[in-house]
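Below you'll find the structure, written out as structure tokens, and then a few comments.
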Amino acid sequence: MLDVEEAIRDYLPNIIHMSLATCVGNKPWVCEVHFAYDKELNLYFRSTLSRRHSQEIEQNPTVAGNIISQHQLSDKPRGVYFEGTAKLLENVDEDHVAYKMISSRFNLGNEILEDAKLVDGHKFYEIKVGNFYVFDARETDPSKKYHLHWIK
């Protein structure tokens with residue numbers, strides 16, 4: 001039996017981008033963003049307000065996505081999928097967890113705080129995950145999808 005939380009915590013450090021899905025007016029959209037996370041497995045990313053996913057989050061904060069590595073045909077795949085609620089973070093400073101996680105993960109400094117203050121700068125977003133799923137073929141034969149209800 002796969003320990004789903006442990007599999008997620010072991011997997012996330014190795015991947016730097018996630019696919020993020022939004023939907024407004026029954027028109028789904030998916031994009032790629034670089035992400036960071038905290039010990040409670042909240043997800044963080046930066047984006048400009050002009051991006052479609054940012055505009056859609058403002059209208060409908062319900063999001064989904066996946067975090068996967070590229071696999072070769074011979075690889076046994078594993079992927080992390082999630083459903084949650086996204087929001088634009090206000091007043092992010094050097095003490096905010098979003099800044100700490102993103103700056104640490106991507107070796108960035110205070111310039112991202114200055115950028116966030118610009119009208120067209122990259123703002124900070126948080127995703128509170130309600131459900132995680134792990135699709136696994138590495139430790140499970142045949143492959144299986146595991147569910148982890150996650151609201152912290």
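Below, all heavy atoms of this structure are taken into account, side chains as well, without hydrogens, waters or symmetry copies.
Using a 30° and 60° split on the angle between ring planes, F124 and Y99 fall in the perpendicular class, above 60°.
Between S69 atom OG and R78 atom CZ the span is 10.0 Å, to the nearest 0.5 Å. H17 NE2 to E32 CD: the interatomic distance, rounded to the nearest 0.5 Å, is 4.5 Å. A distance of 11.5 Å separates CD1 of I8 from OH of Y37, quoted to the nearest 0.5 Å. Here E83 contributes atom CD and Y133 contributes atom OH; the two are 3.5 Å apart, rounded to the nearest 0.5 Å. Interatomic distance, F106 CZ to F35 CZ, rounded to the nearest 0.5 Å: 7.5 Å.
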Criterion side-chain contact (heavy atoms from CB on, under 4.5 Å) on L89 and H96, from CA distance to verdict:
CA-CA 10 Å; L89 297 172; H96 197 286; 3.7 Å; yes
Would I57 and V63 count as a side-chain contact (heavy atoms from CB on, under 4.5 Å) if you check the C-alpha gap in whole Å, the side-chain angles of each, and the deciding distance to 0.1 Å?
CA-CA 8 Å; I57 287 168; V63 298; 4.1 Å; yes
Give the intermediate values and the outcome of side-chain contact (heavy atoms from CB on, under 4.5 Å) for residues V30 and H53.
CA-CA 8 Å; V30 68; H53 56 271; over 6 Å; no
Carefully, step by step, assess S47 and Y125 under the rule side-chain contact (heavy atoms from CB on, under 4.5 Å).
CA-CA 8 Å; S47 190; Y125 287 83; 4.1 Å; yes
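At least one side-chain heavy atom of E114 sits under 4.5 Å from a side-chain heavy atom of K117. F135 is listed as a side-chain neighbour of S143, based on a closest heavy-atom distance under 4.5 Å. Contact annotation: the side chain of R46 approaches that of I102 to within less than 4.5 Å [non-hydrogen atoms, C-beta and beyond]. Between N66 and M18, the closest side-chain pair of non-hydrogen atoms is not below 4.5 Å. Considering only heavy atoms from C-beta on, L41 comes within 4.5 Å of L12 through its side chain. Counting heavy atoms from C-beta outward, L88 and L49 have side chains that approach closer than 4.5 Å. Side-chain contact between N131 and H147 is present, with heavy atoms from C-beta onward closer than 4.5 Å. Taking the side chain as every heavy atom from C-beta outward, V92 and L113 approach each other to under 4.5 Å.
Contact check on D115 versus K123 returns no salt bridge, with no Lys/Arg side-chain nitrogen under 4.0 Å from an Asp/Glu carboxylate oxygen.
In the hydrophobic clustering of this structure, L108 groups with M101; members are Ile, Leu, Val, Met, Phe, Trp, Tyr whose side-chain heavy atoms approach within less than 4.5 Å, directly or through other members. Residue V4 is grouped with residue I68 when hydrophobic side chains (ILVMFWY) are merged at heavy-atom distances under 4.5 angstrom, including chains of intermediate members.
Using a distance-only test at 3.5 Å, with no hydrogens or angles considered, no donor-acceptor pair links the side chain of W150 to the main chain of F82. Remark: the backbone N or O of D10 is paired with a side-chain donor or acceptor of N14 at under 3.5 angstrom. Between the S54 side chain and the T48 main chain, a donor and an acceptor come within less than 3.5 Å of each other.
The two residues I127 and L20 make their nearest non-hydrogen contact at CD1-CD1, 3.8 Å. The two atoms that bring K27 and R52 nearest to each other are O-NH2, 3.6 Å, heavy atoms only.
For an aromatic pair to be called close, the ring centres must be under 6.0 Å apart, and H34 with F45 fails this.
For the pair R105 and Y44, the cation does not sit on the ring face, since its NZ or CZ is not both under 6.0 Å from the ring centre and inside 45° of the axis.
The number of heavy-atom neighbours closer than 6.0 Å to CG of D93, taken from other residues, nucleotides and ligands shown, is above 12. The number of heavy-atom neighbours closer than 6.0 Å to CD of E58, taken from other residues, nucleotides and ligands shown, is 12 or below.
Residues passing the side-chain contact (heavy atoms from CB on, under 4.5 Å) test with K100, sequence neighbours excluded: none.
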